[in-house]
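Everything below concerns the one structure shown next.
Numbers here are sequence positions counted from 1.
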Amino acid sequence: MNSNSPFSDAFVRLTEPHAAWGAQQLETFNAFLPTGPWTADLDRCIYRQAGRDLRISILGSYDESDGSWLWGWANPGFRDMPAVGAAEAVRQFGHTHGIREFTEELVDLSACADPRMAVETLAFGAMGVLGAAGYIGVQASPEARLYLVPDDPQVPWAAPDPVTLPRILLTGAGVHATSAHAVVAGYFGHHKLPQRHGPGRISADLPTGTTVEVSFDDAGRIGSVEVGAISGPAAR
């Protein structure tokens, strides 16, 4: 177990490369989904918010009374529904890669310093390994939150943006605060950007032809992000 994370080393290692891409994609998804009242028809895999319908799949639910997460495939109320496809895919990924958080029916987060943040990190990690276009967390009852992922072609996909890239990489590196190098390489890899690795730095070519160069300090943190004429100094 990583001393800086309530999650296993396997969880951190295998979800971290998705962190920066996931942060950017989640911003895109949240901008696409209008705010407002919601309903869900789980038998039909349909989620509606503020009049917009999305095809969705269930991840799981969080019980705020005891700080526990229950995967959709383990919930007797959801178990036989087609809507648990995302949860099943996460479980299979967990079995293949040895991630206990993805294979245990009930994940106890009550001992975390911030259980609510921990459950968001768990859902965010699941979104990353699924390559999902976002995730949704809604209050399903006074003590329970339901988590879903969209599975709908109308959801837009984020593309590398030179202006926001420094902030996105720093945000991703802060999710687990362990390997910024893995976060940056994972972001470039997800977008299939040609990348070059050198001592203390990674550079890549954006679709616009602009080169981005990320340097790391002696502690392995992002030191700077330079995108053509745009530079984003790292926060300390």
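Atom CZ of R52 has more than 12 heavy atoms from other residues, nucleotides or ligands within 6.0 Å.
Contacts of Y135 classified as ring pair (Phe, Tyr, Trp, His ring centres under 6.0 Å), with partners at least two apart in sequence or in another chain: none. With sequence neighbours excluded, the residues forming a ring pair (Phe, Tyr, Trp, His ring centres under 6.0 Å) with Y47 are W38, listed by chain and number. Partners of R13 under the salt bridge (charged side-chain N to carboxylate O under 4.0 Å, His left out) rule, at least two apart in sequence or in another chain, do not exist in this structure. The ring pair (Phe, Tyr, Trp, His ring centres under 6.0 Å) check on F216 picks up H181, with sequence neighbours excluded. Not a single ring pair (Phe, Tyr, Trp, His ring centres under 6.0 Å) links H95 to another residue, sequence neighbours left out.
Criterion: ILVMFWY side-chain heavy atoms under 4.5 Å apart, direct or through other members. Under it, L33 and I58 are part of a common hydrophobic cluster.
Listed for the Q25 side chain is a donor-acceptor partner under 3.5 Å among the backbone atoms of P156. In this structure a side-chain-to-backbone donor-acceptor pair under 3.5 Å is missing from E101 to L122.
Side-chain contact, T164 with Q24: no donor N or O sits under 3.5 Å from an acceptor N or O.
Ring-plane geometry between H97 and F93 is classed as tilted, the angle between the planes lying from 30 to 60 degrees on a 0 to 90 degree scale.
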Under the side chain to side chain contact (heavy atoms under 4.5 Å, CB included) criterion, do V214 and I222 qualify, and how do the steps go?
CA-CA 7 Å; V214 182; I222 294 176; 4.0 Å; yes
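Residues in residues 179-206 take part in these salt bridge (charged side-chain N to carboxylate O under 4.0 Å, His left out) pairs, two or more places apart or across chains: R196-D205, R201-E213.
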